[in-house]
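Structure first, then comments.
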Amino acid sequence: MQLTLTQPDDWHLHLRDGDLLKAVLPHSASNFGRAIVMPNLKPPITTTAAAVAYRDSILEALPSNSNFTPLMTLYLTDTMSPNEIKLARRSGAVYAVKLYPAGATTNSQDGVTDLFGKCLPVLEEMVEQDMPLLVHGEVTNPDVDVFDREKVFIETVLKPLIERLPKLKVVMEHITTADAAKFVQSCENGLLAATVTPQHLLLNRNSLFQGGLQPHNYCLPVLKRETHRQAIVSAVTSGSKKFFLGTDSAPHDRRRKECACGCAGIYSAPIALSLYAKVFEEACALDKLEAFTSFNGPDFYGLPRNASKITLQKAPWKVPESFSFPFGDIVPMFAGETLEWQPCIN
């Protein structure tokens, strides 16, 4: 059995930089036509000039036969100026701005502390420039339970933001709860969408603890209850145009995952398409897979759909236990397990 799809894009991807970038980039470039590249480097990508330089380093690291296109983003800070948004739009390289609440996830210490105060002029300019805001949808108040941070973010940040700036395009990244799926579906103006990861479609919070602590299943936002996973699967496989592929693939050296204070992030880039196919097949919705992987994202961003194709073949194969590089090993999601679908480029 085979499925031929329009070339998918990844609308939420971490490529890192330096040796790690060179190591992981081929995995994404072999499967995806384009990717929205996250800006949470050290230091973060806060200017258009830095974004262009980062894009150039990605292009330089690509395999010679690759047509992969990185779509760059800026890291929103309390001190960003509206003029930076104008520069970003004119550059033709920057496609969105990312909101990290300060302290929410990896390298978010420089994130936003005053969205409706210090950042409001930038957000208003984003409306003028038709520049989407990508949100890491969690509050960081230590008094809020880690499993409730997405729900509280919707109530205290996202709803007020949309009410104040109803023409702002917003993508709620890596949604994890039934609350998020319901809220995205309830917004009818077409300006709110969501990306969904393989892990939040396939794993629940039990996966963190089965057989002992499982550091390679630890990500932020953290995995939630089975009822939330089921709600997200239902939303994604319903055919709604509001949801699209965003792996949030986040590589870390094994030593930084398997340690006393392990990093958040799941590396899924090499197997993501196989995992999404698994989800849609199990939901009896393979006919809706192409829209999720290849149509909804570019349609939301106002970009053309890819012209090239990719084929998924149903043939069992084993996920590598790890990927080894001179600097260390990266353990992928579902390491050592057998998957039923395997992509091959036409």
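For clarity, every value in this text was computed on a predicted model and none was experimentally measured.
Just one of D248, L41, T247, V37 meets the side-chain contact (heavy atoms from CB on, under 4.5 Å) condition when paired with H14; it is D248. The only option from R254, K257, H252, E321 that meets the side-chain contact (heavy atoms from CB on, under 4.5 Å) definition with V331 turns out to be R254. Just one of L245, N306, T69 meets the side-chain contact (heavy atoms from CB on, under 4.5 Å) condition when paired with F32; it is L245.
Contact of the S268 side chain with the F334 side chain is not registered, since no non-hydrogen atoms from C-beta on lie closer than 4.5 Å. No side-chain heavy atom of Q7 sits less than 4.5 Å from a side-chain heavy atom of S294. P332 has its side chain within reach of V319: a pair of non-hydrogen atoms, C-beta onward, lies under 4.5 Å apart. Within the 4.5 Å cutoff, side-chain heavy atoms of F292 are placed close to those of V236. With contacts defined as side-chain heavy-atom distances shorter than 4.5 Å, the pair F243/T195 does not qualify. Taking the side chain as every heavy atom from C-beta outward, N217 and Q210 never approach each other to under 4.5 Å. In this structure, I154 and K159 have side chains that are in contact, with non-hydrogen atoms separated by less than 4.5 Å. Under the 4.5 Å side-chain criterion, counting only non-hydrogen atoms from C-beta, L25 is in contact with F68.
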Would you mind writing out the side-chain donor-acceptor pairs for residues 43-60 within the sub-3.5 Å range, not counting sequence neighbours?
unit_1	atom_1	unit_2	atom_2	d
T47	OG1	A50	N	3.1
T48	OG1	E84	OE2	2.8
T48	OG1	A88	N	3.2
Y54	OH	R16	O	2.6
S57	OG	Y54	O	2.7

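Judged by distance alone, the side chains of T6 and K309 do bring a donor and an acceptor atom under 3.5 Å apart. Donor-acceptor pairing under 3.5 Å is lacking for the side chains of Q199 and H174. Using modelled atom types, one finds no donor on one side chain facing an acceptor on the other under 3.5 Å when comparing Q342 with S274.
Taking a cutoff of 4.0 Å between a charged side-chain nitrogen and a carboxylate oxygen, D299 and R305 qualify as a salt bridge. Looking at E281 and K314, a side-chain N of the basic residue comes within less than 4.0 Å of a carboxylate O on the acidic one, giving a salt bridge. With respect to E155 and K151, no salt bridge is recorded, no charged nitrogen being found less than 4.0 Å from a carboxylate O.
Here E226 pairs with R229 under the salt bridge (Lys or Arg N to Asp or Glu O under 4.0 Å) rule; sequence neighbours left out.
Around the NZ atom of K288, the shell of radius 6.0 Å holds more than 12 heavy atoms that belong to other residues, nucleotides or ligands.
Here H200 and H228 keep their ring centres 6.0 angstrom or further from each other. If you look at Y301 and Y95, their ring centroids are not closer than 6.0 Å. Less than 6.0 angstrom separates the ring centroid of H27 from the ring centroid of F323.
Remark: the backbone N or O of W11 is not paired with any side-chain donor or acceptor of D9 at under 3.5 angstrom.
In this structure, H136 and Y100 have tilted ring planes: the angle between them lies in the 30° to 60° band.
Under a cutoff of 6.0 Å and an axis angle of 45°, R205 and F147 form a cation-pi pair.
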Before you tell me yes or no, could you show the steps for K224 and E150 under salt bridge (charged side-chain N to carboxylate O under 4.0 Å, His left out), namely the whole-Å CA-CA distance, both residues' side-chain angles and the distance that decides it to 0.1 Å?
CA-CA 10 Å; K224 302 299 194 299; E150 184 171 276; 5.2 Å; no
If you apply the rule side chain to side chain contact (heavy atoms under 4.5 Å, CB included), what do you find for L168 with L191, and how did you get there?
CA-CA 7 Å; L168 178 67; L191 298 180; over 6 Å; no
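Of all heavy-atom pairs between P26 and A23, the closest is CD-O, 3.6 Å.
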